[in-house]
There are 2 protein chains.
Amino acid sequence: MARSPKTAGKGRKLSNFLCFAVYSANLAFGRAYKPLLDKVGLTYTQYIALVALSDEDEQTVSALGEKLFLESNTLTPILKKLEQMGLIKRHRDPADERQVRLSLTPAGRKLIEQDLGGSLIEATGLGDDFPVVQKTVSELRDNLLRATKADD
Amino acid sequence: MARSPKTAGKGRKLSNFLCFAVYSANLAFGRAYKPLLDKVGLTYTQYIALVALSDEDEQTVSALGEKLFLESNTLTPILKKLEQMGLIKRHRDPADERQVRLSLTPAGRKLIEQDLGGSLIEATGLGDDFPVVQKTVSELRDNLLRATKADD
DNA sequence: GGATTATTAATCGTATCCGATCTAATCGGA
DNA sequence: TCCGATTAGATCGGATACGATTAATAATCC
């Protein structure tokens, strides 16, 4: 794993792994959001997917997958669940039957408007650094994805 | 989700969610490490667990869980797999039969010594900011966990 | 225009995560 | 000492992730 150059050598502690910091921060977010999402009966991933769908109507599964960095093997079950909950609609595109178009139902849109978890900004303890951290972590992600893609 | 105060209001795009940045950065790390870990037949989580175990001998499952922010429901299957691969040993503590003690085998230690993924530091594209990001993300995690624990 | 190739979702198997529950072992107080 | 409470792992069911494969539809090429 990516260790700080500073600590290369003997100390192979978890605290020296950036990947572990990200891994565990992700776990922490999942737990922080859980009480909020439980109220509306959604999981973390389901909510993220719903937010991504609220961005634009009639997206395809692949288009959604690009935003979430996921593919149909992961998304299909989630989307079926969201449809079953009455939050989204799924239908084959008549112009290209291979594609499935996705759109929020009024119920789905209403849920998104609630803006759950805005309150959690406080809990991050980041204050004014919030946007900076967000940007840094996003760039980290993009760099890793680029590097991974590169040596295919 | 935690949006930047700056962007509160209309724009509910994924890029405004810190949790999504962390979520997707974690996915990206998993993919970046995959080719390296495939070589030794380990998964991301299994490797993290092994690193945590290399830190100290004869840890209990709970102690390991505290480091990884995981519990026995998640760890037990992983530890059984690692034992089955001959990388760790599991045995009940004679002094307290409720506890299971964990230790690396020579094979497990040898694998850790290889220091896989040190090469990935480059791919993060962080340069000198590496330690700063690591620290920031770790603190973010700790703040979230603390805030979550607080309202139990 | 018919065969080949490519694309899009869906399906399947494996490995996490997590809440809830269970069992065995230990502890503590009357 | 005896019994209820606590603790440590393990088990189970539901929900992600992901590689590999498949089925259906579209595009392409000769």
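Remember, it's a predicted structure, so these values are computed and weren't measured experimentally. Reminder, nothing fancy here: chain letters follow the sequence lines and each chain counts from 1.
Listed by chain and number, the residues in a side-chain contact (heavy atoms from CB on, under 4.5 Å) with K110(A) amount to none (sequence neighbours excluded). D129(A) meets the side-chain contact (heavy atoms from CB on, under 4.5 Å) test with V133(A); sequence neighbours excluded. By the salt bridge (Lys or Arg N to Asp or Glu O under 4.0 Å) test, D128(B) is found to be paired with no residue, residues two or more places apart in sequence or in another chain being considered. Applying the side-chain contact (heavy atoms from CB on, under 4.5 Å) rule to E58(B) yields the partners H91(B), R101(B), S103(B); only residues at least two apart in sequence or on another chain are considered. When the salt bridge (Lys or Arg N to Asp or Glu O under 4.0 Å) test is applied to R92(A), no partner is found at least two apart in sequence or on another chain. In this structure E122(A) satisfies the salt bridge (Lys or Arg N to Asp or Glu O under 4.0 Å) test with no other residue, sequence neighbours excluded. Looking at residues two or more places apart in sequence or on another chain, you find no salt bridge (Lys or Arg N to Asp or Glu O under 4.0 Å) involving K81(B).
In terms of phosphate contacts, Y44(B) brings no side-chain nitrogen or oxygen within less than 4.0 Å of OP1 or OP2 of dA17(D). Within the structure, every side-chain polar atom (N or O) of Q46(A) is placed at least 4.0 Å from both OP1 and OP2 of dA15(D).
Residue whose closest nucleotide on DNA chain D sits further toward the 5' end, between A95(A) and L70(A): L70(A).
Considering only heavy atoms from C-beta on, I112(B) comes within 4.5 Å of Y47(B) through its side chain.
Atom CD of E97(A) and atom P of dA24(D) are 13 Å apart (whole Å). Atom P of nucleotide dA20(D) and atom CD of E71(A) are separated by 11 Å, given to the nearest angstrom.
In the 5' to 3' direction, nucleotides of DNA chain C lying under 4.0 Å from heavy atoms of chain B begin and end at dA15(C) to dT26(C).
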Once each nucleotide of nucleotides 3-14 of chain D is scored for protein heavy atoms under 4.0 Å, what B/S/- sequence comes out, 5' to 3'?
----BSBBBB--
